[in-house]
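Have a look at the structure below, then the notes.
Values below: all heavy atoms of this structure, side chains included; hydrogens, waters and symmetry mates excluded.
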Amino acid sequence: RAFWGWLNAVFNKVDHERIRAVGPDRAASEWLLRCGALVRYQGSPKWQQDYNALPTGPLGRYKIEAINATDSCIMYRGFDYLDGLEHVTDIRLEKCMYIQDQCLQRLSDTSNLQRSLQQLRIISCGNVTDKGILALHKLANLEYLYLSDLPGIREKETTFRVLQQALPKLELELDLE
């Protein structure tokens, strides 16, 4: 188990030179696919899942619009890859064993995501607590939040009331029994 944790940490190591060389969307795509996540680009209905089939073309041509990190090994250490993404409207974090409150705080602190992110789903991420959900209050344009199977959330009513006050336009869907 320690070996896999180490390997996943290697996959999540941020390569700032690579971001400068190929642009933020391409570098983030490489990181996400390396970790087992999927990406969808603006104007495309198809999810990109094969690292070796990443589209090529002029720098900046393919902009990530959606991220599906189901069963992926993304972790806090790689979240610097999100900084340059300006077009992400939808993120799904499902069964991500390395996602924790610190990750959600980092997501919420990312200024581009504060502007672009509209939908977020957090499902079966056992390390997420009330603190992580409350951290999402900075995502000013978040319209939809789906939370399911999060045993770390203990103060449901208080947490959701505070979040709804911070984001009055938010449609909050819960499945937390």
Side-chain angles (χ1 to χ4, degrees), residues 1-14 25 27-41 44-54 64-83 85 87-110 112-114 116-139 142-156 159-160 163 167 170-177:
R1 188 160 176 95
F3 171 74
W4 291 112
W6 172 83
L7 186 61
N8 290 333
V10 169
F11 284 159
N12 278 275
K13 185 176 187 315
V14 177
D25 289 274
S29 295
E30 292 172 357
W31 164 61
L32 289 160
L33 293 179
R34 206 170 38 240
C35 290
L38 309 174
V39 296
R40 194 178 72 236
Y41 298 108
S44 173
K46 159 175 139 358
W47 287 94
Q48 185 67 42
Q49 57 187 5
D50 183 356
Y51 183 92
N52 294 314
L54 276 169
I64 297 175
E65 182 176 62
I67 298 168
N68 182 341
T70 300
D71 287 318
S72 74
C73 69
I74 64 169
M75 61 178 61
Y76 180 82
R77 161 175 214 178
F79 273 48
D80 283 1
Y81 280 111
L82 300 175
D83 288 342
L85 304 182
H87 305 280
V88 177
T89 60
D90 189 358
I91 296 178
R92 181 183 193 99
L93 302 171
E94 182 172 357
K95 298 183 207 157
C96 300
M97 67 185 288
Y98 299 109
I99 293 296
Q100 56 200 10
D101 295 341
Q102 186 182 19
C103 298
L104 298 182
Q105 179 70 56
R106 179 69 173 84
L107 196 74
S108 188
D109 286 340
T110 304
N112 283 331
L113 292 178
Q114 289 172 357
S116 70
L117 192 62
Q118 296 171 1
Q119 297 185 39
L120 177 61
R121 292 163 187 81
I122 306 170
I123 304 161
S124 303
C125 296
N127 296 318
V128 171
T129 71
D130 299 273
K131 181 180 176 189
I133 299 305
L134 287 170
L136 300 174
H137 75 279
K138 293 181 185 173
L139 297 171
L142 195 62
E143 297 171 359
Y144 178 77
L145 176 62
Y146 178 75
L147 303 173
S148 177
D149 188 26
L150 300 171
I153 296 181
R154 307 252 189 251
E155 304 292 327
K156 293 180 183 104
T159 297
F160 304 136
L163 196 57
L167 301 169
L170 181 67
E171 178 187 338
L172 188 56
E173 190 175 339
L174 309 171
D175 182 12
L176 295 172
E177 296 317 314

Exercise for the section: List for me each residue that meets side chain to side chain contact (heavy atoms under 4.5 Å, CB included) alongside T159, sequence neighbours excluded, and say none if there are none. Expected result: D130, I133, L134, E155
Problem - For A66, all residues meeting side chain to side chain contact (heavy atoms under 4.5 Å, CB included), sequence neighbours excluded - result: R40, W47, D90
Problem - Listed partners of E94 passing salt bridge (charged side-chain N to carboxylate O under 4.0 Å, His left out), at least two apart - result: R92
Exercise for the section: Go through the structure and list residues passing side-chain hydrogen bond (donor to acceptor under 3.5 Å, both in side chains) with E30, not counting sequence neighbours. Expected result: R18, R26
Exercise for the section: Using the test ring-ring contact (aromatic ring centres under 6.0 Å, His included), find all partners of Y41 that sit at least two apart in sequence or belong to another chain. Expected result: Y62
Exercise for the section: Determine yes or no for a side-chain-to-main-chain donor-acceptor pair under 3.5 angstrom, with D149 supplying the side chain and I123 the backbone. Expected result: no
Problem - side chain to side chain contact (heavy atoms under 4.5 Å, CB included) against Q49, all qualifying residues, sequence neighbours excluded - result: L38
Exercise for the section: Name all residues meeting the salt bridge (charged side-chain N to carboxylate O under 4.0 Å, His left out) criterion together with D71; count only those two or more places apart in sequence or in a different chain, and write none if there are none. Expected result: none
Completion exercise
Sorted by chain and residue number, the side-chain hydrogen bond (donor to acceptor under 3.5 Å, both in side chains) partners of Q119 (sequence neighbours excluded) come out as R121
Practice task
For Y51, enumerate each residue passing the side-chain hydrogen bond (donor to acceptor under 3.5 Å, both in side chains) test, keeping only those at least two apart in sequence or located in another chain.
Solution key: none
Fill in the blank from the handout: For K131, the side chain to side chain contact (heavy atoms under 4.5 Å, CB included) test, sequence neighbours excluded, returns D101, T129
Handout entry: With K156 via salt bridge (charged side-chain N to carboxylate O under 4.0 Å, His left out) - residues at least two apart
Key = none
Practice task
For Q102, enumerate each residue passing the side-chain hydrogen bond (donor to acceptor under 3.5 Å, both in side chains) test, keeping only those at least two apart in sequence or located in another chain.
Solution key: Q100
